[in-house]
**Q** 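Before I ask anything, here is the structure I am working with.
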Amino acid sequence: MTETARLLARLKGRRADLPRHIAIIMDGSGRWARRRALPRLAGHRAGRASVRAAVEGCIELGVEVLTLYTFSVENWNRPRTEVGGLMKFLQRTLREEREELKRNGVRLAVIGQRDALPADARQAVDETVEYLSGGQRLLLVLALSYGGRQEIVNAARQLARRVKQGALRPEDIDEELFSGELWTQGLQDPDLLIRTSGEMRVSNFLLWQIAYAEMWVTPVLWPDFRARHLYEAVADYLKRERRFGRVDTRPARGR
(Lines give C-alpha, C1' and ligand atoms only; values in the text may rest on other atoms or scores of the structure.)
Protein backbone atom coordinates (compact mmCIF):
# COMPACT_ATOMS: atom_id res chain seq x y z
CA MET A 1 0.00 0.00 0.00
CA THR A 2 1.36 3.42 -0.93
CA GLU A 3 1.72 6.27 1.55
CA THR A 4 -1.13 8.10 -0.19
CA ALA A 5 -3.38 5.04 0.15
CA ARG A 6 -2.50 4.69 3.84
CA LEU A 7 -3.28 8.36 4.44
CA LEU A 8 -6.60 8.02 2.64
CA ALA A 9 -7.50 4.99 4.75
CA ARG A 10 -6.73 6.89 7.96
CA LEU A 11 -8.87 9.81 6.84
CA LYS A 12 -11.78 7.58 5.93
CA GLY A 13 -11.67 6.26 9.47
CA ARG A 14 -12.62 9.74 10.66
CA ARG A 15 -15.25 10.44 8.04
CA ALA A 16 -17.62 12.13 10.48
CA ASP A 17 -14.96 14.77 11.26
CA LEU A 18 -13.94 15.54 7.66
CA PRO A 19 -14.71 18.90 6.04
CA ARG A 20 -18.00 19.01 4.17
CA HIS A 21 -16.95 21.87 1.89
CA ILE A 22 -13.43 22.44 0.55
CA ALA A 23 -12.49 25.53 -1.46
CA ILE A 24 -9.26 25.83 -3.45
CA ILE A 25 -7.40 28.86 -4.81
CA MET A 26 -5.64 27.25 -7.76
CA ASP A 27 -2.49 29.36 -8.04
CA GLY A 28 0.88 28.95 -9.72
CA SER A 29 0.05 27.75 -13.24
CA GLY A 30 1.85 30.69 -14.84
CA ARG A 31 4.97 30.16 -12.75
CA TRP A 32 4.89 26.44 -13.52
CA ALA A 33 4.93 27.23 -17.24
CA ARG A 34 7.58 29.95 -16.94
CA ARG A 35 9.98 27.63 -15.14
CA ARG A 36 9.71 25.29 -18.11
CA ALA A 37 10.01 28.07 -20.72
CA LEU A 38 6.46 27.32 -21.86
CA PRO A 39 3.54 29.65 -22.67
CA ARG A 40 1.35 30.51 -19.68
CA LEU A 41 -1.55 28.62 -21.22
CA ALA A 42 0.52 25.45 -21.02
CA GLY A 43 0.42 25.78 -17.24
CA HIS A 44 -3.35 26.11 -17.27
CA ARG A 45 -3.65 23.05 -19.49
CA ALA A 46 -1.39 21.08 -17.12
CA GLY A 47 -3.66 22.11 -14.25
CA ARG A 48 -6.51 20.10 -15.74
CA ALA A 49 -5.05 16.92 -14.25
CA SER A 50 -4.93 18.67 -10.87
CA VAL A 51 -8.62 19.51 -11.07
CA ARG A 52 -9.37 15.90 -11.86
CA ALA A 53 -7.25 14.76 -8.90
CA ALA A 54 -8.99 17.19 -6.53
CA VAL A 55 -12.43 16.07 -7.69
CA GLU A 56 -11.61 12.39 -7.38
CA GLY A 57 -9.95 12.94 -4.01
CA CYS A 58 -13.00 14.72 -2.64
CA ILE A 59 -15.24 11.90 -3.86
CA GLU A 60 -13.00 9.34 -2.14
CA LEU A 61 -13.28 11.29 1.12
CA GLY A 62 -17.02 11.86 0.87
CA VAL A 63 -16.65 15.65 0.73
CA GLU A 64 -19.97 17.21 -0.28
CA VAL A 65 -18.83 20.42 -2.00
CA LEU A 66 -15.63 21.43 -3.81
CA THR A 67 -15.35 25.07 -4.92
CA LEU A 68 -12.57 26.02 -7.33
CA TYR A 69 -11.44 29.61 -7.94
CA THR A 70 -11.38 29.22 -11.70
CA PHE A 71 -11.37 32.77 -13.11
CA SER A 72 -11.50 35.97 -11.08
CA VAL A 73 -12.89 39.36 -12.10
CA GLU A 74 -9.31 40.62 -11.97
CA ASN A 75 -8.27 38.00 -14.53
CA TRP A 76 -10.12 39.96 -17.23
CA ASN A 77 -7.18 42.40 -17.04
CA ARG A 78 -4.73 39.81 -18.36
CA PRO A 79 -3.55 39.99 -21.99
CA ARG A 80 -6.39 39.47 -24.44
CA THR A 81 -4.72 36.43 -25.99
CA GLU A 82 -4.44 34.72 -22.60
CA VAL A 83 -8.03 35.50 -21.65
CA GLY A 84 -9.28 34.24 -24.99
CA GLY A 85 -7.20 31.09 -24.63
CA LEU A 86 -8.55 30.49 -21.14
CA MET A 87 -12.15 30.84 -22.29
CA LYS A 88 -11.59 28.36 -25.13
CA PHE A 89 -9.83 26.02 -22.69
CA LEU A 90 -12.80 26.27 -20.34
CA GLN A 91 -15.21 25.30 -23.13
CA ARG A 92 -13.08 22.38 -24.28
CA THR A 93 -12.49 21.07 -20.78
CA LEU A 94 -16.16 21.16 -19.82
CA ARG A 95 -17.18 19.30 -22.97
CA GLU A 96 -14.40 16.73 -22.72
CA GLU A 97 -14.71 16.06 -18.98
CA ARG A 98 -18.48 16.04 -18.57
CA GLU A 99 -18.93 12.33 -19.32
CA GLU A 100 -16.35 11.32 -16.71
CA LEU A 101 -17.86 13.76 -14.21
CA LYS A 102 -21.27 12.25 -14.81
CA ARG A 103 -19.97 8.72 -14.25
CA ASN A 104 -18.48 9.92 -10.95
CA GLY A 105 -21.78 11.43 -9.80
CA VAL A 106 -20.62 15.05 -9.94
CA ARG A 107 -23.09 17.90 -10.15
CA LEU A 108 -21.92 21.32 -11.39
CA ALA A 109 -22.76 24.85 -10.26
CA VAL A 110 -21.27 28.23 -11.15
CA ILE A 111 -20.91 31.36 -9.04
CA GLY A 112 -19.84 34.77 -10.27
CA GLN A 113 -20.75 37.15 -13.06
CA ARG A 114 -21.82 34.50 -15.55
CA ASP A 115 -23.12 37.13 -17.98
CA ALA A 116 -19.59 38.49 -18.37
CA LEU A 117 -18.45 35.25 -20.02
CA PRO A 118 -18.29 35.08 -23.83
CA ALA A 119 -21.41 33.55 -25.35
CA ASP A 120 -19.66 30.30 -26.36
CA ALA A 121 -18.19 29.79 -22.90
CA ARG A 122 -21.52 30.60 -21.25
CA GLN A 123 -23.25 28.06 -23.47
CA ALA A 124 -20.72 25.36 -22.58
CA VAL A 125 -21.22 26.14 -18.89
CA ASP A 126 -25.01 26.03 -19.12
CA GLU A 127 -24.99 22.80 -21.13
CA THR A 128 -22.66 21.11 -18.63
CA VAL A 129 -24.67 22.26 -15.61
CA GLU A 130 -27.78 20.73 -17.20
CA TYR A 131 -25.97 17.55 -18.25
CA LEU A 132 -24.66 16.94 -14.73
CA SER A 133 -27.82 17.98 -12.89
CA GLY A 134 -28.44 14.47 -11.56
CA GLY A 135 -25.09 14.05 -9.78
CA GLN A 136 -25.38 12.98 -6.14
CA ARG A 137 -21.83 12.35 -4.92
CA LEU A 138 -20.15 15.76 -5.17
CA LEU A 139 -21.19 19.31 -5.97
CA LEU A 140 -18.40 20.96 -7.98
CA VAL A 141 -18.68 24.76 -7.88
CA LEU A 142 -16.70 26.82 -10.38
CA ALA A 143 -16.09 30.45 -9.44
CA LEU A 144 -16.07 32.16 -12.85
CA SER A 145 -15.66 35.90 -13.33
CA TYR A 146 -15.90 35.88 -9.54
CA GLY A 147 -14.88 38.46 -6.96
CA GLY A 148 -15.70 38.44 -3.27
CA ARG A 149 -16.07 42.20 -2.97
CA GLN A 150 -18.26 42.31 -6.07
CA GLU A 151 -20.43 39.56 -4.60
CA ILE A 152 -20.92 41.49 -1.36
CA VAL A 153 -21.69 44.73 -3.20
CA ASN A 154 -24.21 42.90 -5.37
CA ALA A 155 -25.92 41.48 -2.27
CA ALA A 156 -26.06 44.93 -0.66
CA ARG A 157 -27.66 46.35 -3.80
CA GLN A 158 -30.28 43.60 -3.86
CA LEU A 159 -31.22 44.29 -0.24
CA ALA A 160 -31.22 48.06 -0.85
CA ARG A 161 -33.70 47.58 -3.69
CA ARG A 162 -36.00 45.57 -1.43
CA VAL A 163 -35.81 48.27 1.25
CA LYS A 164 -36.56 50.97 -1.33
CA GLN A 165 -39.56 48.99 -2.56
CA GLY A 166 -40.89 48.76 0.99
CA ALA A 167 -40.57 44.98 1.03
CA LEU A 168 -37.89 44.98 3.76
CA ARG A 169 -37.00 47.02 6.82
CA PRO A 170 -33.29 47.82 7.36
CA GLU A 171 -33.48 46.52 10.92
CA ASP A 172 -34.57 43.12 9.59
CA ILE A 173 -31.30 42.60 7.72
CA ASP A 174 -29.16 40.03 9.50
CA GLU A 175 -26.39 37.61 8.50
CA GLU A 176 -28.81 34.94 7.34
CA LEU A 177 -30.75 37.35 5.15
CA PHE A 178 -27.54 38.81 3.72
CA SER A 179 -26.15 35.35 2.97
CA GLY A 180 -29.31 34.60 1.03
CA GLU A 181 -28.40 37.31 -1.47
CA LEU A 182 -24.90 35.99 -2.13
CA TRP A 183 -24.06 33.92 -5.21
CA THR A 184 -23.42 31.00 -2.85
CA GLN A 185 -26.93 31.06 -1.40
CA GLY A 186 -27.95 27.62 -0.21
CA LEU A 187 -24.37 26.38 0.18
CA GLN A 188 -22.71 25.73 3.50
CA ASP A 189 -19.60 27.84 4.06
CA PRO A 190 -16.22 26.23 3.33
CA ASP A 191 -14.65 24.37 6.23
CA LEU A 192 -11.23 24.25 4.60
CA LEU A 193 -9.56 26.71 2.21
CA ILE A 194 -6.51 25.44 0.31
CA ARG A 195 -4.14 27.73 -1.56
CA THR A 196 -1.35 26.46 -3.78
CA SER A 197 1.93 28.18 -4.76
CA GLY A 198 2.72 29.43 -1.24
CA GLU A 199 1.06 32.85 -1.47
CA MET A 200 -0.38 34.04 1.86
CA ARG A 201 -3.49 35.88 0.70
CA VAL A 202 -7.11 35.11 -0.17
CA SER A 203 -7.21 37.16 -3.40
CA ASN A 204 -10.81 38.36 -3.19
CA PHE A 205 -12.16 34.81 -2.90
CA LEU A 206 -15.26 34.00 -0.83
CA LEU A 207 -14.57 36.89 1.56
CA TRP A 208 -17.85 36.48 3.45
CA GLN A 209 -17.94 32.69 3.38
CA ILE A 210 -14.42 31.93 4.67
CA ALA A 211 -14.86 33.89 7.91
CA TYR A 212 -14.22 30.73 9.94
CA ALA A 213 -12.61 28.46 7.36
CA GLU A 214 -9.36 26.73 8.22
CA MET A 215 -6.58 27.70 5.80
CA TRP A 216 -3.88 25.43 4.42
CA VAL A 217 -1.17 26.84 2.16
CA THR A 218 1.26 24.70 0.19
CA PRO A 219 4.26 25.79 -1.92
CA VAL A 220 3.19 23.23 -4.54
CA LEU A 221 2.23 24.92 -7.79
CA TRP A 222 -1.25 24.09 -9.00
CA PRO A 223 -0.25 21.88 -11.99
CA ASP A 224 1.71 19.68 -9.55
CA PHE A 225 -1.18 19.34 -7.07
CA ARG A 226 -2.44 15.78 -6.63
CA ALA A 227 -4.78 13.85 -4.36
CA ARG A 228 -2.03 13.28 -1.78
CA HIS A 229 -1.76 17.04 -1.28
CA LEU A 230 -5.50 17.23 -0.75
CA TYR A 231 -5.29 14.44 1.82
CA GLU A 232 -2.40 16.20 3.58
CA ALA A 233 -4.51 19.35 3.84
CA VAL A 234 -7.43 17.40 5.29
CA ALA A 235 -5.14 15.59 7.73
CA ASP A 236 -3.85 18.95 8.96
CA TYR A 237 -7.43 20.22 9.23
CA LEU A 238 -8.28 17.34 11.55
CA LYS A 239 -5.53 18.42 13.96
CA ARG A 240 -7.08 21.82 14.51
CA GLU A 241 -9.53 22.88 17.17
CA ARG A 242 -12.36 24.85 15.58
CA ARG A 243 -13.81 27.15 18.26
CA PHE A 244 -15.54 29.75 16.01
CA GLY A 245 -14.55 32.55 18.37
CA ARG A 246 -15.51 30.68 21.52
CA VAL A 247 -13.15 29.97 24.42
CA ASP A 248 -12.43 26.37 25.34
CA THR A 249 -13.46 26.13 29.00
CA ARG A 250 -12.66 22.46 29.40
CA PRO A 251 -9.97 21.73 32.01
CA ALA A 252 -6.50 21.16 30.57
CA ARG A 253 -5.32 17.59 30.53
CA GLY A 254 -2.15 16.49 32.26
CA ARG A 255 0.26 19.09 33.54
Side-chain angles (χ1 to χ4, degrees), residues 22-51 54 66-97 108-126 128-129 140-158 181-185 187 190 193-211 213 215 217-225:
I22 295 176
I24 304 179
I25 300 174
M26 306 180 294
D27 193 26
S29 297
R31 270 169 283 173
W32 185 93
R34 187 168 61 249
R35 290 175 184 178
R36 290 161 177 79
L38 296 171
R40 286 178 57 86
L41 283 172
H44 297 297
R45 287 193 289 268
R48 180 168 162 176
S50 306
V51 172
L66 171 64
T67 298
L68 301 178
Y69 202 5
T70 309
F71 190 88
S72 73
V73 292
E74 292 82 9
N75 288 156
W76 291 115
N77 297 319
R78 292 185 176 185
R80 183 177 299 179
T81 53
E82 182 177 354
V83 171
L86 285 170
M87 290 297 110
K88 285 182 172 54
F89 176 63
L90 171 65
Q91 296 171 51
R92 186 170 63 253
T93 300
L94 289 173
R95 289 182 171 130
E96 292 177 356
E97 294 286 341
L108 183 68
V110 173
I111 58 173
Q113 300 170 343
R114 188 186 302 211
D115 292 344
L117 300 175
D120 289 348
R122 193 163 60 248
Q123 181 179 351
V125 167
D126 292 343
T128 307
V129 168
L140 174 62
V141 182
L142 301 184
L144 287 168
S145 190
Y146 175 88
R149 287 183 173 182
Q150 290 77 8
E151 179 181 32
I152 291 170
V153 168
N154 181 73
R157 286 173 176 165
Q158 296 295 336
E181 297 293 341
L182 297 174
W183 293 323
T184 54
Q185 57 183 275
L187 290 179
L193 173 65
I194 297 171
R195 177 157 192 154
T196 60
S197 87
E199 301 292 347
M200 303 295 289
R201 56 178 179 269
V202 297
S203 296
N204 200 20
F205 184 48
L206 299 177
L207 298 181
W208 175 278
Q209 298 87 343
I210 62 172
M215 295 185 64
V217 178
T218 175
V220 173
L221 302 178
W222 177 246
D224 294 324
F225 189 89

**Q** Any chance you could lay out the side-chain contact (heavy atoms from CB on, under 4.5 Å) test for Val141 and Val110, step after step, and finish with the verdict?
**A** CA-CA 5 Å; Val141 182; Val110 173; over 6 Å; no
**Q** So which heavy atom on Gly43 is nearest to which on Trp32, and how close?
**A**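 Answer, listing the atom of Gly43 first, then Trp32: CA-CE3, 3.7 Å.
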**Q** State whether the number of non-hydrogen atoms from other residues, nucleotides or ligands found under 6.0 Å of Arg149 atom CZ is greater than 12.
**A**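 Not more than 12 within 6.0 Å, no.
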**Q** Rounded to the nearest 0.5 Å, what separation is found between the OG1 atom of Thr196 and the CZ atom of Arg31?
**A**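 Going from the OG1 atom of Thr196 to the CZ atom of Arg31 covers 8.0 Å.
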**Q** Can you see which heavy atom on Leu221 is nearest to which on Arg35, and at what distance?
**A**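 Taking every non-hydrogen atom into account, CD1-NH1, 3.4 Å.
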**Q** For residues Ser145 and Ala116, report the shortest heavy-atom separation together with the two atoms involved.
**A**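 Heavy atoms of Ser145 and Ala116 come nearest at OG-CB, 3.6 Å.
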**Q** Is it true that a side-chain atom of Thr70 and a backbone atom of Leu68 form a donor plus acceptor pair closer than 3.5 Å?
**A**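 Confirmed, Thr70 side chain pairs with Leu68 backbone.
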**Q** What heavy-atom pair brings Ala33 and Arg40 nearest, and what distance separates the two atoms?
**A**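 The pair with the smallest heavy-atom distance is CB-CA, 4.0 Å.
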**Q** Can you find a side-chain donor-acceptor pair between Tyr146 and Glu151 that sits under 3.5 Å?
**A**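 Distance-only check passes for Tyr146 and Glu151.
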**Q** Could you check whether Trp222 and Ser197, counting side-chain N and O atoms only, form a donor-acceptor pair closer than 3.5 Å?
**A**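 Checked: Ser197/Trp222 side chains show no N/O donor-acceptor pair below 3.5 Å.
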**Q** Once rounded to the nearest 0.5 Å, what's the spacing between atom CG of Leu142 and atom CD1 of Ile111?
**A**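 Going from the CG atom of Leu142 to the CD1 atom of Ile111 covers 9.0 Å.
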**Q** Look at Asp120 together with Lys88 and state whether they make a salt bridge at an N to O cut-off of under 4.0 Å.
**A**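 Lys88 and Asp120: not salt-bridged.
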**Q** Just wondering, more than 12 heavy atoms not from Arg95 lying within 6.0 Å of its CZ?
**A**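 It does: Arg95 CZ has more than 12 such atoms within range.
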**Q** Heavy atoms only: give me the nearest Leu206-Pro190 pair and the separation to one decimal.
**A**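 Reported closest heavy-atom pair: CD1-CG, 3.8 Å.
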**Q** Working to the nearest 0.5 Å, report the span between CE of Met215 and CZ of Arg195.
**A**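 Nearest 0.5 Å value for the CE-CZ distance: 8.0 Å.
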**Q** Look at the aromatic rings of Tyr69 and Phe205 and report parallel, tilted or perpendicular, splitting at 30° and 60°.
**A**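 Plane angle under 30°, so parallel.
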**Q** Measuring from atom CD of Glu74 to atom CG of Asn204, what distance do you get when rounded to the nearest 0.5 angstrom?
**A**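 If I round to the nearest 0.5 Å, the distance is 5.0 Å.
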**Q** I'd like to know if Glu97 and Arg92 make a salt bridge, using a cut-off of under 4.0 Å between side-chain N and carboxylate O.
**A**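 Answer for the salt bridge query: no.
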**Q** How close do Asn154 and Glu181 get, counting heavy atoms only, and between which atoms?
**A**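 What the structure gives for the nearest pair is ND2-O, 4.3 Å.
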